[in-house]
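Here is the structure we will look at, set down as structure tokens.
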Amino acid sequence: MKRILLAVALCVAATGAFAQKKAVKEAQSLAKGSSANFTEARTVIKGALENPETKEDPQAWYVAGFIESQQFDAEQTKQMLGQQADEATMYTALTSILPYFEKAYEYDQRPNAKGKVKPKYTKDMKSILSSNHVYFINAGAYYFDKEDYQKAYDAFEQYLKIKKMPMFVDTPVAMEDSNFMTVQFYAAVAATQLKNSELAIAALERAKNTDYRANDVYQYLCYEYEQAKDSVNLEKTLVEGMEKFPNEPYYLMSLINTYIYSNRNEKAIEYLNTAIAKDPQNPQLYDVMGRVYETGLKDNDKAAEYFKKALEINPEYVESIGNLGRIYYNQGVNKQGEANMINDAAKYQEELAKAKEFFKQAMPYFEKAHQMKPDEREYMIALRGIYYNLNMGPQFEAIEAEMNGN
């Protein structure tokens, strides 16, 4: 009795396996020819991929990818014949091939009962991927234009992954040509749009090792490190970028800002001097140097010196005009505060007179800055304070009215 039951069990198992093998072949047939039914083919193969009898069968996974490649080919053929192709369907099918083929390749490389590896489907997969490899670039570009950056990134990454697959070692597909460099760049750019700094940084770090638009890559990378608040790698990348692209001011100026914001004023001055040596007629550099001395080192005299140098180069450089006015205005405010602490009337008047001299020095700079930028609130506030402290009633009322929109 036990033997009979065992025989029946084996028969049932064999029947189940046979049924699933048949389903795999049926799915493949459904995807062939002019009357192919891809929807039905996918339904049939899905069952085989989930069934215990065939879920690790390389043929089942190969056929799943084959179905996608057939639909891609069908839509691409329409395109080549000048007919209206469904690009969304075409590229969805294309980017669905590789995940199936990766599983098929994994199972196809397993040794048989004799311990030997005799792949049955790798040759066909290699042929399909080799033929379609370049179209993954088109897929990425299609999704990029649609602003679907996740799918664009995935398509570009599949292109790059195929190049690294063992089946393509020492073949033209594996070559790191101009397409390879271009795709690495656009994969990285797509990654920067996904609000995932870790992913973007990894893609950009990879892309920076090629010469394709390397300056752009470094600047993207600096931005991502800044977003990730990784000051160590930000500074490192800025230094690399400055060395690699010495004529690109972005890196030097960004380094200077980094040093300013981290209160490393001596470093900021060192790099500003480097920048000034390269571009001595740039008023912005002197203006920034003045800000370092003013806010970082609290040296008003040195700050004023650099703001004046900026104005020697460009008398209409409004930032330095306003900054120089602020130097004098703040000294007037400080001196006025000191005067208010004095109890002696004569000394009080003496210090107050000094404060007013600073306000008088500041006034023409703020008036000119206000004339150049009439909507800049900072200049109006300063002028109101100056006119008030110098008892300039009509001017005070005029600026008040202006600030109130009258």
Side-chain angles (χ1 to χ4, degrees), residues 231 234-235 238-239 242 246 248-342 350-373 376-387 389-390:
S231 58
L234 171 60
E235 185 175 336
L238 285 169
V239 171
M242 186 176 65
E248 172 57 69
Y250 167 83
Y251 304 103
L252 181 55
M253 294 308 297
S254 296
L255 260 179
I256 290 166
N257 285 332
T258 297
Y259 293 136
I260 290 172
Y261 293 138
S262 59
N263 293 316
R264 287 180 285 173
N265 298 300
E266 297 301 332
K267 269 285 188 184
I269 289 171
E270 176 189 337
Y271 277 91
L272 273 166
N273 282 325
T274 300
I276 288 170
K278 287 183 176 182
D279 190 7
Q281 294 303 304
N282 186 340
Q284 181 188 14
L285 297 176
Y286 296 99
D287 184 75
V288 174
M289 184 77 90
R291 292 300 301 271
V292 173
Y293 276 105
E294 177 193 4
T295 60
L297 299 177
K298 312 299 181 187
D299 188 335
N300 286 322
D301 291 340
K302 200 73 173 174
E305 178 186 325
Y306 277 99
F307 292 143
K308 287 176 181 177
K309 282 184 179 180
L311 294 176
E312 287 174 10
I313 296 168
N314 180 5
E316 303 301 307
Y317 195 73
V318 66
E319 285 78 9
S320 287
I321 294 170
N323 288 339
L324 195 51
R326 187 183 58 254
I327 289 288
Y328 296 128
Y329 180 82
N330 286 343
Q331 289 182 89
V333 170
N334 291 336
K335 185 59 69 175
Q336 190 176 58
E338 291 172 9
N340 290 334
M341 300 296 292
I342 298 173
E350 183 181 336
E351 292 303 304
L352 193 61
K354 292 178 182 177
K356 288 183 177 182
E357 283 303 312
F358 281 121
F359 290 135
K360 288 177 183 177
Q361 281 183 285
M363 184 167 62
Y365 293 106
F366 277 122
E367 286 180 335
K368 184 173 182 179
H370 175 55
Q371 183 181 8
M372 295 173 72
K373 283 190 172 183
E376 182 62 58
R377 195 83 177 166
E378 177 189 345
Y379 302 151
M380 289 190 277
I381 292 171
L383 283 172
R384 182 178 62 182
I386 290 169
Y387 294 147
N389 284 293
L390 294 179

With E316, which residues qualify under side-chain contact (heavy atoms from CB on, under 4.5 Å), at least two apart?
N314, K368, M372
With K308, which residues qualify under side-chain contact (heavy atoms from CB on, under 4.5 Å), at least two apart?
L324, Y328
Just to verify, what does [X] make a side chain to side chain donor-acceptor pair (under 3.5 Å) with, not counting sequence neighbours?
X    : result
Y387 : E367
K354 : E351
N300 : none

Heavy atoms, side chains only, cut-off 4.5 Å: are E235 and R264 in contact?
yes
Can you find a pair of side-chain heavy atoms, one from E376 and one from H370, that are under 4.5 Å apart?
no
List the atom pairs, with distances to 0.1 Å, where a side-chain N or O of residues 283-297 and a protein N or O form a donor-acceptor pair under 3.5 Å, not counting sequence neighbours.
from, atom 1, to, atom 2, distance (Å)
Y286, OH, P280, O, 2.9
D287, OD1, S320, N, 3.4
D287, OD1, S320, OG, 2.7
D287, OD1, N323, ND2, 2.8
D287, OD2, N323, ND2, 3.4
E294, OE1, R326, NH2, 2.6
E294, OE2, R326, NE, 2.9
E294, OE2, R326, NH2, 3.3
T295, OG1, R291, O, 2.7

Atom CD of Q371 with >12 non-hydrogen neighbours under 6.0 angstrom:
no
Please name all residues satisfying salt bridge (Lys or Arg N to Asp or Glu O under 4.0 Å) with [X], sequence neighbours left out, ordered by chain then number.
X    : result
K360 : E357
K302 : E305
E266 : none

With sequence neighbours left out, which residue pairs that include part of residues 249-258 fulfil the side-chain hydrogen bond (donor to acceptor under 3.5 Å, both in side chains) condition?
N215-Y251
With Y271, which residues qualify under ring-ring contact (aromatic ring centres under 6.0 Å, His included), at least two apart?
Y259
ring-ring contact (aromatic ring centres under 6.0 Å, His included) against Y379, all qualifying residues, sequence neighbours excluded
none
